Amino acid sequence: MNQNTNKTVLILGANSDVAKQCIKQYVEKGFTVIAASRNTTSLEDFINSNHLNHSKVSVLYFDAADFDSHQKFYSEIPIKPHIIVYAAGFLVDNQKALTDFKGAKQMMEVNYMGGVSILSIIAMDKDNKSLERIIGLSSLSGVRGRKSNFVYGSTKAAFTQFLAGLRQELASRKIIVNALVIGYIRTKINEGLELNESLIMEPDYVAKYIVNAGNSFTIVPNFKWKMIYYILRLLPESLAAKLP
């Protein structure tokens, strides 16, 4: 019997392109998946079009920015999960975020505040003895502030720091927390942006790093992006300020 047959994964923000690939790969590994998103119709279409076993995948409605609903959402999950993946994300152009706070606020709510809200509820449920891992999807944009996207980057930086502290909080319970620090992906959130084609990763490629996450806190998919990650961390401020 597959060792994952009796394990459940809860994917929050499951309508993202990467999250959808995670659904497929977790099912292939024998997990049962609870896919949660505002757009349940899109998820159902994805499951049907990929001929996924409906006994292995269920769909629930989840709104990352509706904080008041999070406790009820978690309490009503039929099976308490072994693995949590927080994949919810939202992006608006930096200049728009600076001139229209509505967009900036939505990025804060979805990318950071929603994660803190629901993951805190899940992590503090000590009755769930099955919980073994929490994975949060962050971004290279959160490593250093850059004038092209620092509002979005600030939400990802905050989320990464939350995950780092949560990892320490849960260490005594042997629960692993991972932060996927991700570069450019060929997804709908990046449509219309002028990105370096040689650096763009495919959703299924990134999903493999999530599904096969190990013990390290920071996971950076792709060797090129690992190099960029370390350069960004070590770059003097005088040079970082010259980045686009």
Side-chain angles (χ1 to χ4, degrees), residues 4 9-53 56-60 62 64 81 83-93 107 110-112 114-115 133-143 149 152-153 155-156 159-160 163 178-214 216 218-229:
N4 301 319
V9 180
L10 170 62
I11 303 180
L12 301 160
N15 195 46
S16 76
D17 296 307
V18 171
K20 285 178 176 175
Q21 293 303 313
C22 285
I23 294 172
K24 289 177 61 176
Q25 293 182 28
Y26 273 122
V27 170
E28 288 169 359
K29 282 180 167 286
F31 290 93
T32 296
V33 176
I34 301 172
S37 169
R38 290 189 306 167
N39 194 340
T40 57
T41 300
S42 177
L43 283 175
E44 293 285 3
D45 290 344
F46 175 80
I47 292 167
N48 291 330
S49 64
N50 285 273
H51 309 291
L52 298 180
N53 188 337
K56 300 295 290 184
V57 187
S58 58
V59 175
L60 295 179
F62 172 75
I83 298 172
I84 313 295
V85 178
Y86 188 84
F90 182 73
L91 172 67
V92 298
D93 175 80
M107 285 196 291
V110 176
N111 300 343
Y112 172 60
R133 185 184 300 273
I134 294 174
I135 305 171
L137 273 59
S138 189
S139 170
L140 263 293
S141 299
V143 177
N149 66 352
Y152 171 78
T155 67
K156 289 299 188 177
F159 186 48
T160 299
L163 292 171
N178 308 107
L180 266 289
V181 181
I182 306 170
Y184 303 148
I185 312 173
R186 198 183 308 279
T187 63
K188 54 181 175 285
I189 198 173
N190 287 324
E191 286 181 358
L193 300 180
E194 294 184 6
L195 305 175
N196 187 325
E197 185 69 25
S198 68
L199 292 174
I200 298 178
M201 299 177 287
E202 298 299 329
D204 62 331
Y205 176 83
V206 176
K208 289 179 182 178
Y209 282 83
I210 297 168
V211 174
N212 297 295
S216 298
T218 303
I219 300 173
V220 185
N222 187 286
F223 177 75
K224 291 180 181 179
W225 282 110
K226 285 181 182 177
M227 295 299 295
I228 293 171
Y229 170 76

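Sequential numbering from 1 along the given sequence is applied to the chain's residues. No experiment lies behind these values; they were computed from the predicted model shown.
- Side chain of Arg133 to main chain of Gly214: a donor-acceptor pair is present (N/O by atom type, distance under 3.5 Å, no hydrogens or angles).
- Although no hydrogens or angles enter the test, the distance criterion places no donor-acceptor pair under 3.5 Å between the side chain of Ser37 and the main chain of Ala14.
- Within the 3.5 Å criterion, the main-chain N or O of Lys224 finds a donor-acceptor partner in the side chain of Asn222.
- Taken to the nearest 0.5 Å, the OG1 atom of Thr160 stands 10.0 Å off from the CG atom of Leu137.
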Could you go through the side chain to side chain contact (heavy atoms under 4.5 Å, CB included) check for Asn212 and Lys29 one step at a time? CA-CA 10 Å; Asn212 297 295; Lys29 282 180 167 286; 3.1 Å; yes
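- Nearest heavy-atom pair across Phe159 and Tyr112 is N-CD1, 3.5 Å.
- The distance from the CD1 atom of Ile182 to the OG atom of Ser141 is 10.5 Å, given to the nearest 0.5 Å.
- Put simply, CG on Leu91 and CG on Asn149 are 8.0 Å apart, with the number rounded to the nearest 0.5 Å.
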Using the side chain to side chain contact (heavy atoms under 4.5 Å, CB included) rule, take Leu180 and Val18 through it: C-alpha gap first, then chi angles, then the decisive distance, then the call. CA-CA 12 Å; Leu180 266 289; Val18 171; over 6 Å; no
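- When all heavy atoms of Gly30 and Lys56 are compared, the closest pair comes out as O-NZ, 3.0 Å.
- For the pair Phe62 and Gly13, the tightest heavy-atom approach, listed with the atom from each and the gap, is CD2-N, 4.4 Å.
- Of all heavy-atom pairs spanning Lys156 and Ala88, the tightest one is NZ-O, 4.4 Å.
- The distance from the OG atom of Ser49 to the CD atom of Glu44 is 11.0 Å, given to the nearest 0.5 Å.
- Of all heavy-atom pairs between Gly115 and Tyr86, the closest is N-OH, 3.2 Å.
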Audit row: Ile210, Tyr26, side chain to side chain contact (heavy atoms under 4.5 Å, CB included) steps and yes/no: CA-CA 10 Å; Ile210 297 168; Tyr26 273 122; 4.1 Å; yes
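- In the model, Asn111 has a side-chain atom that pairs as donor or acceptor with a side-chain atom of Thr155 under 3.5 Å.
- Rounded to the nearest 0.5 angstrom, Leu10 CG and Ile134 CD1 are separated by 10.0 Å.
- Residues Leu199 and Ile228 have side chains in contact (heavy-atom distance under 4.5 Å, counting atoms from C-beta outward).
- Between the Lys20 side chain and the Leu43 main chain, no donor and acceptor come within less than 3.5 Å of each other.
- Enclosure of atom CZ in Arg38 is not indicated, since only 12 or fewer non-hydrogen atoms of other residues, nucleotides or ligands lie within 6.0 angstrom.
- Every residue meeting the ring-ring contact (aromatic ring centres under 6.0 Å, His included) condition with Tyr209, not counting sequence neighbours, appears here in chain and number order: Tyr205.
- Here Cys22 contributes atom SG and Ile11 contributes atom CD1; the two are 5.5 Å apart, rounded to the nearest 0.5 Å.
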Stepwise side chain to side chain contact (heavy atoms under 4.5 Å, CB included) check, Leu140 with Val220: CA-CA 9 Å; Leu140 263 293; Val220 185; 4.3 Å; yes
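- No side-chain heavy atom of Asp204 sits less than 4.5 Å from a side-chain heavy atom of Lys24.
- Counting only distance, with no hydrogens or angles, the side chain of Ser216 and the backbone of Ile219 share no donor-acceptor pair below 3.5 Å.
- For Phe90 against Met107, the heavy-atom pair with the smallest separation is O-CG, 3.4 Å.
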